[in-house]
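Have a look at the structure below, then the notes.
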Amino acid sequence: MPSSPPSAPRVVLGVGGGIAAYKACELLRRFTESGHDVTPVPTEAALEFVGAPTWAALSGKPVATDVWTRVHEVPHVRIGQTADLVVVAPATANLLAKAAHGLADDLLTNTLLTARCPVVMVPAMHTEMWEHPATVANVATLRARGVIVVEPAEGRLTGKDTGKGRLPDPSEIFEVAVEVLGRAAVGAAPTDLAGRHVLVSAGGTREYLDPVRFLGNRSSGRQGYALARAAVARGAEVTLVAANVELPDPAGVTVVRVETTAELHRAVVSAAAAADAVVMAAAPADFRPVAFSDDKIKKNPDGSAAPIELAQNADILAEISHERARPGSVVVGFAAETGDATGSVLELGRAKLARKGCDLLVVNDVSGGAVFGSTENEAVILGADGSAVEVPRAAKGVLAHAIWDQVAQRF
Ligand code: CTP
């Protein structure tokens, strides 16, 4: 039976009556194995899918769905009041409706009314129910009250249909929960990006020479993915344009997959029109081969050189900075610099910030290639207003939040 220290963060895991309730078992395990004190609060309908013994055994806690069990402990008030975080996964259309209207007819809905900590709701339902005007209005009400409602994923639903409405991967829901808990622990405003639509690009583009070969770069996409996750945890609607990234889709994020710089360009320009902020964390290739060979290129029999002629790609960051499809939007670029005879890393960063016309430039010193593929990063965030914020070496999520702090200040 799991037991956690008294200082362990207290998480209430609300479970609604949807088929995805089985995935909440995995989420519960993630919480307990990482030292959280979890109280599962399933609804009566959730127990139709996964029985009380499973929740009790995985959490080491007694399980009730009503307010009358162990009533001397006043559970309908105590559980919510003492929580550091409430996560409801899956949140059914019925639960969203009850929460939006303040109904309290079981232990979970009572808990939602007494909780003063951050609340994350992760809906899962059929596309028709998710798109119904009643659900849309309930979600808007909850978001306006500061609840983080994570957008469902697209894919296979119960039965044969596919569409939007899947519960995101439990490990990615866990990542959002940890982000929210981390911000609450330092007293940060939980949903300062609520109502904002942000666009992040990530990964490295590929410029194909022939069907099997390409020119590429070492960008892993981790920093962009960390930015997307951090933005979801701060309440934003997030679009992530990912170039050749082999990481799982972050929960609540619309992921657009691209390969080449031309595709990245199209995807970013099209999504930028609706974005309050654009963060170009991707590494687009500056050049592409002038010619693409439909057949695999053969070696020269005489061993002679085979030069590749390159054409320059569009500078996406400069274009969106100068054109600002959405007036007042905040544009952020990255600069991987090594410093040279013409200037230090920061001097080159300042010059690039001015050249590109963005509001913020995140400058990395990449001498030695240390950043690529790493889970950590360090940088200086330069502002067009002359500001400079140093972010010491830490997990890429720390830099992500420092960047959103700067963006939020400029909204
Ligand atoms: N970038 C872009 N489009 C390109 C190349 C880069 O939008 N074709 C963006 C990157 O996403 C990053 C920023 O520009 O946010 C800086 O990229 P970098 O390669 O350092 O800039 P360059 O313009 O290539 O600068 P340099 O003159 O040093 O090559």
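Small disclaimer: the values here were computed from a predicted structure and weren't measured. Along the sequence shown, residues carry numbers from 1.
The aromatic ring centres of Y22 and F49 sit 6.0 Å or more apart. Here Y208 and F214 bring their ring centres to under 6.0 angstrom of each other.
Heavy-atom contacts from other residues, nucleotides or ligands closer than 6.0 Å to CD of E390 number 12 or fewer. Within 6.0 Å of atom CD in Q409, more than 12 heavy atoms from other residues, nucleotides or ligands are found, so the atom counts as buried in its surroundings. Enclosure of atom CZ in R29 is not indicated, since only 12 or fewer non-hydrogen atoms of other residues, nucleotides or ligands lie within 6.0 angstrom.
Note on R266 versus E259: no salt bridge recorded, every NZ/NE/NH1/NH2 to OD/OE distance being 4.0 Å or above. Using a cutoff of 4.0 Å between basic side-chain nitrogens and carboxylate oxygens, E154 and K164 are not scored as salt-bridged. With salt bridges taken as basic N to acidic carboxylate O contacts below 4.0 Å, one links E337 and K352. Taking 4.0 Å as the cut-off between side-chain N and carboxylate O, R156 and D161 do not count as a salt-bridged pair. By the 4.0 Å N-to-carboxylate-O rule, K23 lies too far from D169 to be salt-bridged with it. A salt bridge links D192 to R234: one of the charged nitrogens lies within less than 4.0 Å of a carboxylate oxygen. Using a cutoff of 4.0 Å between basic side-chain nitrogens and carboxylate oxygens, D249 and R257 are scored as salt-bridged.
Inter-residue side-chain proximity for L209 and I297 is flagged as met; some heavy-atom pair is nearer than 4.5 Å. Within the 4.5 Å cutoff, side-chain heavy atoms of L240 are placed close to those of Y225. Side-chain contact between I148 and V119 is absent, with no heavy atoms from C-beta onward closer than 4.5 Å. Between E319 and V269 the shortest side-chain heavy-atom distance falls below 4.5 Å.
The CZ atom of R410 sits 4.5 Å away from the OG atom of S387 when rounded to the nearest 0.5 Å.
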- Query: So D359 and R324, salt bridge (charged side-chain N to carboxylate O under 4.0 Å, His left out) or not? Walk me through it.
  - Reply: CA-CA 11 Å; D359 303 291; R324 305 280 168 154; 2.6 Å; yes
